[in-house]
Participant: 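Quick one: this structure, given as C-alpha cells, is what I'll be asking you about.
Excluded from the calculations below are hydrogen atoms, water molecules and symmetry mates; all remaining heavy atoms, backbone and side chain alike, are included. These numbers were taken from a predicted model, which means no experiment stands behind them. Numbering of ligands and ligand atoms starts at 1, following listing order.
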Amino acid sequence: MEDDEGPEYGKADFVLLDQVTMEDFMKNLQLRFEKGRIYTYIGEVLVSVNPYQPLPLYGPEAIAKYQGRELYERPPHLYAVANAAYKAMKQRARDTCIVISGESGAGKTEASKHMMQYIAAVTNPSQRAEVQRVKDVLLKSTCVLEAFGNARTNRNHNSSRFGKYMDINFDFKGDPIGGHIHSYLLEKSRVLKQHVGERNFHAFYQLLRGSTDQELSALHLERNPALYNFTRQGAGLSMGPHNALDSDEGSYRAVTDAMRLIGFSAEEVESVHRILAAILHLGNIEFVETEHNGQQKGGLAVVEESLVAHVAELTATPQDLVLRSLLARTVASGGRELIEKGHSVAEASYARDAFAKAVYQRLFEWVVDKINSIMAAKDRDPRRDGKDTVIGVLDIYGFEVLSINSFEQFCINYCNEKLQQLFIQLVLKQEQEEYEREGIAWQSVEYFNNAAIVELVERPHRGILAVLDEACSTAGPITDHIFLQTLDTHHRHHPHYTSRQLCPTDKTMEFGRDFRIKHYAGDVTYSADGFIDKNRDSLFQDIKRLLYNSADPTLRAMWPDGQQDITEVTKRPLTAGTLFKNSMVALVENLASKCL
Ligand code: ADP
Ligand code: MG
C-alpha cells in the first residue's frame with residue numbers, strides 16, 4: 001500500500017477491520033471521510049461517501065495513477081474499479097458490468113460519469129476516428145439525457161428521474177466501437193406536478209430561460225416559468241447551487257450544441273423545442289361546461305381557444321382535431337360503428353394530462369433511441385472472430401422514501417430489491433463458495449435474504465403487481481380502495497406487509513389508503529391513491545392517431561402505434577407495472593450473465 005494510505009487514514013478495506021460492528025464500520029468511514037478519503041473497499045466492492053464539494057481526486061493525473069495497476073495497488077477509487085472491469089474484459093475477452101446502487105443523491109450518476117471518463121481516457125491509443133467519435137458521443141450524450149431525464153428534487157438538484165443501463169462495446173483491441181443506453185421507467189408524472197421545493201424536468205426551464213426572444217415568440221411562449229401550470233412550482237428555483245455552469249440559460253446552449261454535435265439534425269432539435277412548448281401550452285388548457293341551451297344538452301369547451309391553436313401549430317396537427325381529441329373520444333359501439341362520446345370536465349382534464357405525459361415520455365424515449373442509433377457499433381473489423389465484448393454500467397434510481405410514496409416509489413424500491421437479490425447471489429454466495437472450495441475455515445455469515453419481499457411484489461396471481469393488474473383489467477368502478485382491500489386479504493400474514501386495516505393502532509398509516517412494505521432498506525408506507533390509474537396508464541387512441549398524423553416527421557416517428565384505428569385496437573396493452581417488472585427481470589438476467 002502506498003504511503004498516502006497510511007494507518008492514519010483508517011482501513012482502506014473494511015475486510016481489514018479487527019471486528020465488524022456497525023460502530024466500527026461507521027467510525028472507519030468517518031475517519032477516512034474527514035481526511036478526504038471518500039472511497040473504501042469491502043473486498044471488490046467500492047463504498048463511496050458523497051462529499052458534496054469538489055475534491056481533487058479526478059482528472060488526467062489521477063487517471064494515470066490507476067491505469068494498468070492492480071485493484072489494491074493504489075488507494076480505493078472509482079478509477080480502480082473501472083480499470084479492473086476494463087482489464088477483465090480485455091484480458092479474458094469477457095463481458096463485465098459495474099453496478100452502482102445507493103439512495104437518491106448518493107452520487108451514483110457522478111460516479112458513472114467518472115468511470116466513463118476513465119474508460120474514454122485509457123482507450124484508443126491509435127486515435128482511430130471512429131473510436132474517437134464513439135467516445136465523444138458517449139461523453140456528450142450525458143448532458144442531453146440529463147436535460148430531459150433529470151430534475152431538481154429535495155434530495156438532489158440534479159436527480160435522475162429514470163434508470164440507465166449503458167453498454168459500451170469494445171473491439172478485440174479493447175477500443176470502444178459503440179454503445180447502447182437502456183432507459184427504465186421515466187417518472188413522467190413529474191411533467192404535471194412537482195412537490196414543493198422541486199422542479200419539472202430541466203428541459204422546460206432551459207427552453208424558457210435559454211431561448212432567444214425570437215425563438216420564444218415563435219413558440220408563443222414567454223420567458224417566465226411561473227406563467228405555466230407545469231413549471232410554476234419550480235419557477236423560483238435554479239437548476240443547481242454551484243455556478244453559472246448550472247444555470248438553465250447556459251445549459252440550454254450546451255444541450256442544444258451537444259445535440260447538434262452528436263448528430264441530431266437542426267430540424268430535429270427544432271421539433272424537440274416545439275414539442276416542449278406544446279406541452280407547456282397543453283398544461284394551461286382548462287375546460288368549462290357550456291350552458292344548457294333550450295332543449296340541447298350542455299357540452300364542453302376550452303376556456304382559451306388560442307392555446308389549442310398553439311398546440312396544433314407546434315405539433316403540426318389540425319386545430320379542430322386537437323380540440324376534438326381533448327373534448328371527446330371515439331368509441332366503437334356494438335359492431336364496427338364508431339360514435340363520438342363527449343368528455344366531462346374531469347375526463348377532459350384527465351385526457352389532457354395523459355396527453356402531456358405521453359408526449360413527454362415519447363420525446364424522452366426518442367432522444368434515447370436517437371443517441372443509440374448514432375452510437376450503434378458499426379464498421380466491425382471483418383478479421384475479427386467471435387463477438388464484441390461489453391462493459392455494462394448500471395446507474396439506476398436508488399431506494400426512495402418520500403413523505404407520500406406512490407406507484408413510482410413502489411417501482412423504484414422494487415427495483416432496488418431486485419438488485420439486492422442479485423447482489424446477495426453474486427457477492428455473498430460467491431464468497432462463501434470460494435471459501436468452501438479452498439477449504440478455509442469459514443463461519444457461514446448470516447445475511448438477510450430479501451427474496452420474500454421480491455416475491456411479495458412480483459409473484460404471479462397474488463403478488464402486489466398481479467393484484468394491481470387484476471384491478472386494472474376489471475370492468476366497472478374498481479377503486480384504489482378495493483385494490484388495497486384485496487392486498488390486505490392476500491397478505492395479511494406476510495411478514496413484510498401491513499396496512500392500517502391490519503394494524504389499526506398504527507396511526508402512521510391512513511385507513512383505507514396506505515399500506516406498508518418492510519423493505520430490506522427500511523419501511524416504506526405507500527399511498528394506494530392513484531395506483532390503478534398510473535398502472536393502467538391509458539391514453540385515448542384519438543390522441544395517438546392525432547400525433548401519428550402530424551406533419552412533423554420527428555413527432556410522427558414517435559407515434560407508430562397511432563396508425564391503428566380504434567376498431568383494430570383489441571388487445572389490452574401491458575400495464576406500466578408489468579412492463580416495468582419485465583424490464584427488471586431482463587435487466588437482472590443480463591447483469592447476472594455478465595457477473596457470474
Ligand atoms: P445520484 O445519482 O446518486 O442520485 P448524483 O450522482 O446526481 O446522485 O449526485 C448528487 C450531487 O452530489 C451531485 O450533483 C454533486 O453535487 C454531488 N456529488 C456526487 N458525487 C460527487 C463527487 N464525487 N464529488 C463531489 N460532489 C459529488
Ligand atoms: Mg442519478
Participant: Under 2.8 Å from the Mg ion (ligand 2), is there any N, O or S atom belonging to Ser160?
Facilitator: yes
Participant: Is it the case that His77 and Arg74 place a side-chain donor and acceptor less than 3.5 Å from each other?
Facilitator: no
Participant: Would you kindly specify which portion of Tyr397 sits under 4.0 Å from ligand 1, judged on non-hydrogen atoms: side chain, backbone, both or neither?
Facilitator: neither
Participant: Are any of the side-chain heavy atoms of Leu208 and Tyr228 separated by less than 4.5 Å?
Facilitator: yes
Participant: Should you measure from each heavy atom of Asn158, which atoms of ligand 1 turn up under 4.0 Å away?
Facilitator: 7 (O)
Participant: Measuring to the Mg ion (ligand 2), does Thr109 have an N/O/S atom at a distance below 2.8 Å?
Facilitator: yes
Participant: Tell me the contacting part of Thr109 for ligand 1: side chain, backbone, both, or neither, using a 4.0 Å heavy-atom threshold, strictly below.
Facilitator: both
Participant: Give me the ring orientation class for Tyr58 and His114: parallel if the planes are under 30° apart, tilted from 30 to 60°, perpendicular past 60°.
Facilitator: parallel
Participant: When the ring planes of Phe515 and Tyr497 are compared, do they come out parallel, tilted or perpendicular, using 30° and 60° as the limits?
Facilitator: parallel
Participant: Does the gap between the ring centers of His182 and Tyr184 come in under 6.0 Å?
Facilitator: yes
Participant: Can you tell me which portion of His157 lies within the under-4.0 Å heavy-atom range of ligand 1? Options are side chain, backbone, both, or neither.
Facilitator: neither
Participant: Tell me which one of Glu146, Glu110, Gln53, Lys113 gets a heavy atom nearest to atom 6 (O) of ligand 1.
Facilitator: Glu110
